[in-house]
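Convention: sequence-line order gives letters A, B, ...; per-chain numbering from 1.
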Amino acid sequence: MIEDLIAMEDAFIGWLTALEPVKIADIATVVALYAGAFFAFVGSVGLLKLDTPMKRLHAPTKASTLGVGSLLLASMIQAFAHGSGSVHEVLIMAFLFVTAPISANFISKVNLHREDADPTPPPPGDSAWATFDTHPADDRTPKEV
Amino acid sequence: MIDIAIKVAFVAVSLAQVLAMIRLVKGPSIGDRILALDTMVVNAIALIVLLGLWGGTQLYFEAALIFAMLGFVSTVAYCRFVLRGDIIE
Amino acid sequence: MRVLSRILPHPLLSLILAVVWCLLVNSLSLGTVVLSLILAVLIPLLTEAYWPDRPDPPRLGRLTLYVLLVIWDIALANIAVAWIVLTRPNAKMRSRWVVIPLDLKTPEAIAILAGTITLTPGTVSADLSNGGSCLLVHALDTGDAEDEAKGIKQRYERRLKEIFE
């Protein structure tokens, strides 16, 4: 029993020492690459598969952004493992994650404006949703545009 | 090991790009087309990053950054045009 | 103290400018740091006139914790949405509008809440009411709209209230 445990411990230590930092970084890179590829793909599958414009908005804005984020992470780990470290990928990542909600918000406003979405419930506290609150002079049916 | 992973990622992202293109052609609403274009920009950034990983260079960083900025600005400009009939009021 | 606030009118903006410059150049050599400091002092001074009413600075420590929480949620919940997208047929998705009444009053806090709702999968924030009292959110697959709104208020809005107000 005890010999078994000692043997297991030896095997574990041997396994740990065989894993050099570079190897661990490579494994992390591969995991990040597969995750990124998977999420980018799922984002587009959702874009094609879902049936209403508002539902379609869900898949690409989030999954694709996370996919690119993962690929950038892979690129960063790789740069640190092999020589020169590089952190400027963080900049693209931050930019994408900050702008994705804004794009999504604008596109959903377009869907509301063109009446491509389900009818909306009325806002409890105020008179209207901001997209529908237009100047009377701008009034016309959206489909004419 | 990494080479295979990069190739798989290339294939997956390219397929994603094709799927987004189908949605771009099919539509049917304007919102869908804008969304498809936005997704294609994000996937193009992914392809550029993968190209940089494949070649082991940092050269493509600026291209990816400019793609990210241009993609965002063009999405917002297109949406504003549909919403307001004008981009800069 | 007054001299310091004269030189650095927006300390947070200065910090962000310095960090972004170092990231763009992708090095931490002395030259880069000095140039980034020069930019961090000059740009806020030159653009001060364009920022008439600046918001009160948020609590930075809690904001960092909040960002970490959101990143964790993004990673976890994306897997859930990927599962829904890949396995569930369209007819079975219970997607609907959710109205979230807001307790937040600061525009910055509302903007961050809307961004968080969009990035955490399953929900996209679509519109704000014209008086700013509630948020229109589209949920991809939810059983009960009330529960969804309560969950978001409990998890994110409460924390943002502590950070900004």
Side-chain angles (χ1 to χ4, degrees), chain A residues 26-27 29-34 36-38 40-49 53-54 56-57 59-61 64-65 67-68 70-72 74-75 78-79 82-84 86 88-89 91-92 95-96 98-100 102-114 116-117 131 138 145, chain B residues 1-2 4-6 8-24 26-32 34-36 38-50 52-53 56 58 61-62 64-65 67-69 71-73 75-85:
Chain A
D26 280 357
I27 291 171
T29 313
V30 169
V31 170
L33 273 173
Y34 282 132
F38 173 71
F41 186 64
V42 166
S44 286
V45 168
L47 180 66
L48 203 59
K49 181 196 154 189
M54 276 314 287
R56 268 174 229 149
L57 197 53
T61 47
S64 296
T65 311
V68 176
S70 277
L71 293 181
L72 285 165
S75 157
Q78 193 64 6
H82 299 278
S84 60
S86 150
H88 59 194
E89 280 89 348
L91 218 55
I92 304 181
F95 190 82
L96 279 177
V98 169
T99 56
I102 302 171
S103 309
N105 188 261
F106 263 103
I107 295 171
S108 57
K109 274 169 101 76
V110 165
N111 284 340
L112 285 176
H113 176 74
R114 308 264 314 168
D116 288 326
T131 309
D138 292 335
V145 180
Chain B
M1 184 168 72
I2 287 181
I4 298 170
I6 293 177
V8 170
F10 260 124
V11 172
V13 177
S14 309
L15 272 177
Q17 194 78 308
V18 171
L19 293 182
M21 223 181 281
I22 295 173
R23 178 51 77 194
L24 179 66
K26 261 172 77 176
S29 75
I30 286 191
D32 288 326
I34 302 175
L35 182 61
D38 194 56
T39 313
M40 282 177 71
V41 168
V42 172
N43 284 337
I45 298 167
L47 285 176
I48 294 173
V49 171
L50 283 173
L53 252 178
Q58 298 284 327
F61 163 73
E62 274 81 11
L65 191 64
F67 249 80
M69 291 177 167
F72 170 63
V73 171
T75 305
V76 170
Y78 202 170
C79 288
R80 267 199 83 79
F81 183 71
V82 175
L83 282 171
R84 311 286 302 169

So, using side-chain contact (heavy atoms from CB on, under 4.5 Å) as the criterion, who are the partners of V42(B) when residues are at least two apart? S64(A), V68(A)
Top of G52(B), A64(B), A36(B), A46(B) for chain A proximity - count of heavy-atom pairs under 4.5 angstrom: A46(B)
Against chain A, work out which of G31(B), A5(B), A12(B) has the most heavy-atom pairs shorter than 4.5 Å and name it. A5(B)
Can you tell me which portion of L96(A) sits under 4.5 Å from chain B's heavy atoms? Options are side chain, backbone, both or neither. side chain
Picking from H88(A), E89(A), M54(A), which has the most non-hydrogen pairs under 4.5 angstrom with chain B? H88(A)
Once you round to the nearest 0.5 Å, how far does CD1 of I34(B) lie from CD1 of I107(A)? 6.0 Å
Identify which part of T29(A) has an atom lying under 4.5 Å from any heavy atom of chain B, answering side chain, backbone, both or neither. side chain
Residue from V76(B), V18(B), V13(B), V11(B) scoring the most non-hydrogen pairs under 4.5 Å with chain A is V76(B)
Could you have a look at I22(B), I30(B), L35(B), T39(B) and say which one has the most heavy-atom pairs with chain A under 4.5 angstrom? L35(B)
I'd like to know which of L57(A), L71(A), T61(A), I102(A) tops the heavy-atom pair count under 4.5 Å against chain B. L71(A)
Measure distances from N111(A) to the heavy atoms of chain B and classify the residue's part below 4.5 Å as side chain, backbone, both or neither. side chain
Considering all heavy atoms, the nearest R80(B)-F106(A) contact: CG-CE2, 3.8 Å
Which atoms of L83(B) are under 4.5 Å from chain A, going by heavy atoms: the side chain, the backbone, both sets, or neither? both
Relative to chain A, which segment of T75(B) carries a heavy atom at a distance below 4.5 Å: side chain, backbone, both, or neither? side chain
Of the backbone (N, CA, C, O) and the side chain (C-beta and beyond), which part of V45(A) lies under 4.5 Å from a heavy atom of chain B, both, or neither? both
Compare all side-chain heavy atoms of V8(B) with those of L33(A) and state whether any distance is below 4.5 angstrom. no
Applying a strict 4.5 Å limit to non-hydrogen atoms, the region of M69(B) in contact with chain A is both
Which pair of non-hydrogen atoms, one from A9(B) and one from A37(A), has the smallest distance, and what is that distance? CA-CB, 3.6 Å
Heavy-atom cut-off 4.5 Å, strictly under: side chain, backbone, both or neither for F95(A) against chain B? side chain
Which distance, rounded to the nearest 0.5 Å, do you find between the CD1 of I92(A) and the CZ of F67(B)? 11.5 Å
Using heavy-atom distances under 4.5 Å, tell me whether I6(B) contacts chain A through its side chain, its backbone, both, or neither. both
Answer whether the closest heavy-atom distance between the side chains of L19(B) and L47(A) falls below 4.5 Å. no
